[in-house]
2 protein chains.
Amino acid sequence: MADKVTIATVARHARVSRQTVSNVLNAPHIVREETRLRVQDAISALGYRANQAARQMRTGRSRLIAARIEPTRDGINGSVLDRFLHGLTETADAAGYRVLLYTATDDEREIATYDDLLGTYELDAFVLVGTKHGDPRTAWLAGRDVPFVTFGRPWDALDAHPWVDVDGAAGTAQATRHLLAAGHRRIAFIGWPLGSGVGDDRRAGWRDALHAAGVDPTGLHRETEDGIAEGERLMRDLLAAVEPTAVVCASDSLALGALQAIRGTEPPVSVIGFDDTPVAAAVGLASVSQPLGEAAARCVDLLTGVLDGNHETPTHVLLQPALALRHTA
Amino acid sequence: MADKVTIATVARHARVSRQTVSNVLNAPHIVREETRLRVQDAISALGYRANQAARQMRTGRSRLIAARIEPTRDGINGSVLDRFLHGLTETADAAGYRVLLYTATDDEREIATYDDLLGTYELDAFVLVGTKHGDPRTAWLAGRDVPFVTFGRPWDALDAHPWVDVDGAAGTAQATRHLLAAGHRRIAFIGWPLGSGVGDDRRAGWRDALHAAGVDPTGLHRETEDGIAEGERLMRDLLAAVEPTAVVCASDSLALGALQAIRGTEPPVSVIGFDDTPVAAAVGLASVSQPLGEAAARCVDLLTGVLDGNHETPTHVLLQPALALRHTA
DNA sequence: CTCGCCATCTTGAACGATCCAATTCGGATA
DNA sequence: TATCCGAATTGGATCGTTCAAGATGGCGAG
């Protein structure tokens, strides 16, 4: 392991020029078969690996993708980001890219971080998780023609940039239809405050499914910030006010709270959560399951499509969630 | 934003040579104050950022640290890694380093990944989370003089390499003493199978605290793989066998299971978990809290110490956990 | 036989930073 | 005034790769 193996070492060993070695790596079709094999042999014999820094200096591409890691707030929903990041790392790896982490406390600092990462590391692309109405980050990135994908729709203009998302409305609708089929009619919903794209979408699926079945959803829903305690509080409120026989929740945290509130009701109130977190699986909570691994994979697909210039690839992907049935529904 | 700002652009703007600009950045003390300020002004006026690839090519250092991200298994304990990674990213950032993610399915592939990352990206260091007896990964890294730190002690030889860890035994001992002070005597322990460094350490803290108080721990402990269902099962077993009045668990997952098993006991059996996950906070479970942010920071400290050649820095750090008291204890 | 063409391979230059050796310059010393 | 010294600055070489342009050789057409 004494001295480094460079492209020149390989060239000497295979008795060709540096450029030919480079061609074997980057444009194999213009090299004669026999030569190509000889170079390949030299590469594996010497254990040569292309130096990324030198390559980057010439090509301007780092094969690095940035993703943000947030502090765990809830711990339950945190695992969603966790699983997404894991999938992203795996798929990016297979596509020849690596994932670089960054953090930021607010949008302004996050944008400053973009600038820094682009300037010093020449990042190839960004993956943003979660978007909100009028997101300044996507505007900044788009304004500079920086390739990026969001996991989460741009709620203002669907064609603003490439995105991957899971159809939350379809998930809550499916959950609601399952409960309807089981004979429930007073099916409540506990969700997030109006105005968040994700929260409104999940509520809409529940509402539309009830409408389609001829059930009036008026008065059957409550809104709060995410959290177990909040879910428990609102569920007690619903039980007292409208006596629902089932409830669909916008998150597993809210659903866990609801579970605590309904303890002892007879017949048991059915509960369905959202995200299919491992905690839900552990306590037997039915939940809408997002295909996070696939979402991450499609993000990488979209990025490589943009980076490698395949403009034919679709610019957005909407994945369908699945209902994980357990004993609470 | 048309043309790139290089060190030459800054030099021209400040009417000095490239080398002087480089000195301002890397050895400010050898540049005259007046010149230094002029260069600094030019740097901020032009928005210059040193190109990392070019710097790396000359110096051989990438200012990149690799960390592994694992698939979420339990979801509760997953948030521990999550919080650690977040802290790592934050502190590394402050120290001028960035965190690169990787995954691997087994030790052999993980070592192959090390080789790849070192060869193509010239990583400066690795952070390994969790170590086991006879870990082949640390042996490989140490054998190549690759700088690395583990979060978790090397259970075979404490001086094998730099590490940061949290004193698990102290945590369970503290939890046990708290229960003893509250008048409990039959304090049980639910932990992991014998042979895991972390699990044995946490059990030892409980056992020693009982010994110190003159209580015989025989028969009061049970072992299982981690999980909520497992915790519930073993707690029922303990209740039937030895009627404990309190229990200390090796993880919050096990403790949550125990909580389900003791429902309705009167007086309530006290439960203390381990890791102070957000789920524990949400359901009011008392738990031993690991200073994950500080652990991450100390990992970065140790690494920068090694990387910058400060051999005076300590090679290992043992942090003390704190007891987060809630209504289950 | 010569020319041109194609496929293949080689040579020199560049990317942007740092390291090294050489040079300038103001001031102190002889 | 000439010489020297050290601090500050300068130009050239270099890291490993890819790009652009040039060299080589074989082969068929004119």
Side-chain angles (χ1 to χ4, degrees), chain A residues 2-40 42-43 46-64 96 116 118-124 308, chain B residues 2-40 42-43 46-64 96 116 118-124 308:
Chain A
D3 27 41
K4 299 183 206 172
V5 179
T6 76
I7 213 169
T9 322
V10 177
R12 226 173 300 128
H13 194 269
R15 277 165 301 135
V16 293
S17 68
R18 300 185 316 266
Q19 184 59 30
T20 300
V21 178
S22 175
N23 284 336
V24 168
L25 294 171
N26 304 304
H29 58 279
I30 68 166
V31 179
R32 187 159 35 122
E33 179 75 1
E34 178 201 326
T35 314
R36 197 177 60 70
L37 290 175
R38 191 154 38 104
V39 172
Q40 290 283 17
I43 286 176
L46 297 167
Y48 167 78
R49 287 172 203 280
N51 181 305
Q52 176 54 32
R55 169 174 290 175
Q56 175 179 345
M57 204 150 107
R58 200 74 186 86
T59 63
R61 295 184 47 177
S62 60
R63 305 203 72 85
L64 244 39
D116 188 43
L118 288 169
T120 71
Y121 287 90
E122 297 181 289
L123 266 99
D124 285 349
D308 300 344
Chain B
D3 26 42
K4 301 183 208 173
V5 179
T6 76
I7 212 169
T9 322
V10 176
R12 225 174 300 127
H13 193 271
R15 278 165 300 136
V16 294
S17 68
R18 301 186 313 268
Q19 179 62 22
T20 301
V21 178
S22 176
N23 284 337
V24 168
L25 295 171
N26 302 305
H29 57 279
I30 69 166
V31 180
R32 189 161 30 129
E33 179 76 359
E34 177 201 327
T35 314
R36 197 176 60 72
L37 290 175
R38 191 152 42 104
V39 172
Q40 289 284 16
I43 286 176
L46 296 167
Y48 166 78
R49 286 171 204 280
N51 182 304
Q52 176 53 33
R55 168 175 291 176
Q56 177 178 347
M57 205 148 102
R58 200 73 186 86
T59 64
R61 294 183 46 178
S62 61
R63 306 203 71 84
L64 245 38
D116 188 42
L118 288 169
T120 72
Y121 287 89
E122 297 181 289
L123 267 101
D124 284 349
D308 301 345

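Note that the structure is predicted; figures quoted are calculated from it, not measured. A, B, ... follow the sequence lines: proteins, then strands. Residue 1 opens every chain. Hydrogens, waters and symmetry mates are skipped; everything else that's a heavy atom, side chains included, is used.
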Between [N] atom [atom2] and [X] atom [atom1], what is the distance in whole Å?
X	N	atom1	atom2	value
A:R58	D:dT18	CZ	C1'	5 Å
A:M57	C:dA13	CE	C1'	12 Å
A:E122	C:dA17	CD	C1'	12 Å
A:N51	D:dT18	CG	C1'	13 Å
B:I43	C:dG16	CD1	P	16 Å
A:Q56	C:dG16	CD	P	11 Å
A:E33	C:dT8	CD	P	11 Å
A:E34	C:dT8	CD	C1'	12 Å

Intermediate values then yes/no, side-chain contact (heavy atoms from CB on, under 4.5 Å), A:V10 and A:H13: CA-CA 5 Å; A:V10 177; A:H13 194 269; 5.6 Å; no
Residue-level proximity of residues 7-14 of chain B to DNA chain D when a heavy atom falls under 4.0 Å: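 Residues of residues 7-14 of chain B under 4.0 Å from DNA chain D: none.
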Report the distance from atom [atom1] of [X] to atom [atom2] of [Y], rounding to the nearest 0.5 Å.
X	Y	atom1	atom2	answer
B:L64	B:E122	CG	CD	10.5 Å
B:N23	B:H29	CG	NE2	8.5 Å
B:R15	B:R38	CZ	CZ	5.5 Å
B:I43	B:I7	CD1	CD1	7.5 Å
B:L118	B:S62	CG	OG	9.0 Å
B:Q19	B:N26	CD	CG	9.0 Å

Residue pair A:T9, A:L46: steps toward the side-chain contact (heavy atoms from CB on, under 4.5 Å) verdict: CA-CA 8 Å; A:T9 322; A:L46 297 167; 4.2 Å; yes
Minimum heavy-atom distance B:D124-B:R61, with the two atoms named: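 Nearest pair, atom of B:D124 first, then B:R61: OD1-CA, 3.5 Å.
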B:A14 to B:A42 - nearest heavy-atom pair and separation: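 That would be CB-CB, 3.9 Å.
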Side-chain donor/acceptor contact of A:R55 with base of D:dT17 under 3.5 Å: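 Flag unset: no donor-acceptor pair detected.
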Which pairs, protein N/O on one side and nucleotides 23-27 of chain C N/O on the other, fall under 3.5 Å?
none

Flag side-chain contact, heavy atom, 4.5 Å: B:T35 against B:T20: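 In short, these two side chains touch, coming nearer than 4.5 Å.
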Nucleotide-resolved protein contact map, nucleotides 6-11 of chain D, B/S/- at heavy-atom distance under 4.0 Å: --SSBB
Sugar-phosphate only, base, or nothing, as touched by B:A50 at under 4.0 Å among non-hydrogen atoms: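 Sugar-phosphate, backbone atoms only, no base.
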